[in-house]
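Take a look at the structure below.
Reminder, nothing fancy here: chain letters follow the sequence lines and each chain counts from 1. Predicted model, so just to flag it, every value in this text is computed and none were measured. Values below: every heavy atom of this structure, side chains too, minus hydrogens, waters and symmetry copies.
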There are 2 protein chains.
Amino acid sequence: MEIGRPYSRLLHRLERFNALCSDDRRYVAELPLTVANFAASQEVARRGDTPSRCTLVLSGFLYGHKALDNSRRQITSLLVPGDIADLNTLHLSTLDHSISALGPAVVAFLPHTPLKYMLDRSPHLARAFWREAFLEAAILREWVVNLGRREALAKVAHLVCELAVRLQAVDLGRNLCFSVPWTQMDLADACGISAVHANRVVQELRRLGLVDWDCRQVKIRDWDALVKVGDFSDDYLQMQTAVKEALPIEQGLSEYA
Amino acid sequence: MEIGRPYSRLLHRLERFNALCSDDRRYVAELPLTVANFAASQEVARRGDTPSRCTLVLSGFLYGHKALDNSRRQITSLLVPGDIADLNTLHLSTLDHSISALGPAVVAFLPHTPLKYMLDRSPHLARAFWREAFLEAAILREWVVNLGRREALAKVAHLVCELAVRLQAVDLGRNLCFSVPWTQMDLADACGISAVHANRVVQELRRLGLVDWDCRQVKIRDWDALVKVGDFSDDYLQMQTAVKEALPIEQGLSEYA
DNA sequence: CGACCGATTGACACAGCTCAAATGAAGTGG
DNA sequence: CCACTTCATTTGAGCTGTGTCAATCGGTCG
């Protein structure tokens with residue numbers, strides 16, 4: 001796929017708010033990188049590591065997670081193509097959480113040194129990366145709300161809405177339909193519920209006619225209703241007009257803004 | 001208190017990892033600022049706002065929060081003196097969550113423009129601010145874990161541990177004792193539990209001899225046990241040696257590292 | 001003194017957990 | 001091409017942590 005132009009999605013992301021000048025685009029496009037493949041469930045980086053490069057998702061999905069005492073884990077983030085998984089290692093030496101591949105994934109490793117050099121040089125690029133970091137924090141904040149104050153059905157609905165919007169922004173979610181190589185156990189660990197209950201919730205969402213959800217394929221059948229159930233508002237994703245225009249009109253997008 | 005030197009705590013924080021050169025210190029110390037007082041529960045900034053300055057906590061506590069449909073709210077962060085509450089507004093125009101004063105608080109408003117100018121100019125300062133941003137994200141990640149995968153007693157214990165360490169780092173938590181102007185309702189909204197249950201949990205922590213907890217004053221009586229109950233590990237706070245040295249030896253700090 | 005707010009307590013309900021077993025799908029090796 | 005394994009989904013049954021409701025108590029402030 002876009003291995004040939006590994007930065008296309010990243011550049012697209014970085015330019016979401018402000019266009020970059022051609023020098024800056026070249027800076028990014030000429031960053032040295034190593035492409036690597038990961039199998040499903042393979043660990044990309046482990047908590048406590050002190051990596052010397054950042055990880056850009058090229059295709060597939062990664063997820064951040066922390067393990068607890070009792071063999072449980074909490075997924076703290078889902079990373080889609082175009083996301084940088086561990087930007088924090090750029091300035092915080094030790095990784096505070098682990099990162100693994102959800103399904104098979106292709107990533108690009110970007111060595112810290114040239115990345116830092118670049119960001120020191122170009123204020124515009126620095127700003128664009130700041131935005132990425134703050135966007136990640138905004139998503140984490142919304143996850144805090146999701147995990148803290150919503151019941152299971154809403155948690156799952158909310159996560160599906162978030163993924164739909166994020167994937168659409170990178171062209172992986174046309175027609176309110178996307179596919180993620182997660183199991184219901186992964187879903188459970190992302191939503192802080194048990195796997196058994198995750199299953200029941202998925203069934204309930206199906207029963208309510210909100211989604212088709214076969215295996216890894218999720219098709220949202222009633223966006224407005226799902227938004228309502230999940231108490232979703234996309235403002236924290238900072239997609240502004242870009243995404244809203246891309247969503248089909250007849251689904252009544254104006255509703256949830 | 002340190003209104004006379006409003007940046008002392010911030011400088012201390014920024015220099016936690018690397019000392020700043022005297023030029024950089026002067027840069028910071030000469031940032032223009034406006035000091036403002038807030039009463040308990042007063043709103044400092046509201047979701048949707050597009051502020052043109054950042055908010056540095058000088059004394060007292062702020063908290064970030066998001067309201068849900070049903071008159072519920074989730075507290076997403078507690079901000080202690082030395083924290084910058086809304087660094088994200090520097091590059092993300094609209095605020096994704098509200099910020100309020102927990103008790104009476106004194107803050108300094110730092111206009112974006114000189115701040116941006118400064119960060120564009122000094123790579124070292126930029127790095128220090130990056131670290132602050134990433135640290136905030138690391139805390140959010142731990143909150144995600146706390147809310148998603150721990151039961152109520154552990155949630156509260158964990159939060160108390162976190163606060164103890166963070167407050168100690170800014171000299172507000174000597175002897176494993178600190179005071180925060182929160183109510184049990186605030187505690188509940190931070191831990192994603194009901195106020196009634198928060199009360200029961202606090203009582204249980206008292207009963208177990210883990211803490212003295214009168215009104216706003218929290219005294220940790222058995223650090224090791226509290227750490228264990230809360231499944232706490234301070235690595236995500238990136239305090240490194242600094243804090244560990246500051247904690248009393250006899251409390252067996254080596255345990256939880 | 002009355003009003004108000006926060007802490008506390010008790011009774012009850014229920015969302016979601018655990019345990020355990022069955023079913024289905026997909027891959028492996030003979 | 002069929003046993004066999006493995007892994008994910010599904011279903012059922014009972015249990016429990018936590019929520020809700022409602023009342024009480026205590027302190028503070030005007």
| query | From B:His97 NE2 over to B:Thr76 OG1, what is the distance, rounded to the nearest 0.5 angstrom? | reply | 5.0 Å
| Which distance, rounded to the nearest 0.5 Å, do you find between the CG of B:Asp49 and the CG of B:Asp96? |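 Answer for the CG-CG pair, B:Asp49 versus B:Asp96, is 11.5 Å.
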Output all residues satisfying salt bridge (Lys or Arg N to Asp or Glu O under 4.0 Å) with [X], sequence neighbours left out; order by chain, then residue number.
X        : value
A:Arg166 : A:Asp83, A:Glu162
B:Glu151 : none
B:Glu204 : B:Arg207
B:Arg72  : none

| said: Report for the helix from C:dC1-D:dG30 to C:dG30-D:dC1: angle between first-end and last-end helix axes, five pairs each, rounded to 10 degrees. | reply: 40°
| message | How would you summarise protein contacts on nucleotides 5-12 of chain D per nucleotide, using B for base, S for sugar-phosphate only and - for none, with heavy-atom distances below 4.0 Å? | response | ---SSSBB
| task | Summarise how protein sits on nucleotides 24-30 of chain D as a single string, 5' to 3': B when a protein heavy atom is under 4.0 Å from the base, S for sugar-phosphate-only contact, - for no contact. | result | -------
| field | cation_pi(A:Lys66, B:Tyr236) dist<6.0 Å, angle<=45 | value |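 Because its charged atom sits under 6.0 Å from the ring centre and within 45° of the axis, A:Lys66 does stack over B:Tyr236.
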| task | Output the residues of residues 146-163 of chain A in contact with DNA chain C, where contact means a heavy atom of the residue under 4.0 Å from an atom of the strand; sort by number or write none. | result |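 Heavy-atom cutoff 4.0 Å gives A:Glu151, A:Ala152.
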| Should the heavy atoms of other residues, nucleotides or ligands under 6.0 Å from CZ of A:Arg46 be counted, would the total exceed 12? | no
| First and last nucleotide of DNA chain C in contact with chain B, 5' to 3', at under 4.0 Å to a heavy atom: what are they? | C:dG6 to C:dA11
| In chain order, what residues pass the side chain to side chain donor-acceptor pair (under 3.5 Å) check against B:Arg200, with sequence neighbours excluded? | none
| query | Which heavy atom in B:Cys191 sits nearest to a heavy atom in B:Gln74, and how many Å separate them? | reply |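 Reported closest heavy-atom pair: N-NE2, 4.5 Å.
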| query | Do the ring planes of B:Trp213 and B:Trp182 sit parallel (below 30°), tilted (30 to 60°) or perpendicular (above 60°)? | reply |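 Parallel.
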In a table with atom names and distances, give each donor-acceptor pair under 3.5 Å that connects a side chain of residues 98-106 of chain B to protein atoms at least two apart or in another chain.
residue: B:Ser98; atom: OG; partner: B:Arg47; partner atom: N; Å: 3.0
residue: B:Ser100; atom: OG; partner: B:His65; partner atom: NE2; Å: 2.8

| field | Side chains of B:Glu142 and B:His158, donor plus acceptor under 3.5 Å | value | yes
| said: Working note: A:Thr183 + A:Asp186, criterion side-chain hydrogen bond (donor to acceptor under 3.5 Å, both in side chains); need CA distance, chi angles, decisive distance, verdict. | reply: CA-CA 5 Å; A:Thr183 65; A:Asp186 297 322; 3.2 Å; yes
| task | Starting from P on D:dT16, measure out to CD on B:Glu204 and report it in whole angstrom. | result | 16 Å
| note | Residues passing the side chain to side chain contact (heavy atoms under 4.5 Å, CB included) test with A:Gln184, sequence neighbours excluded, are A:Asn199, A:Val202
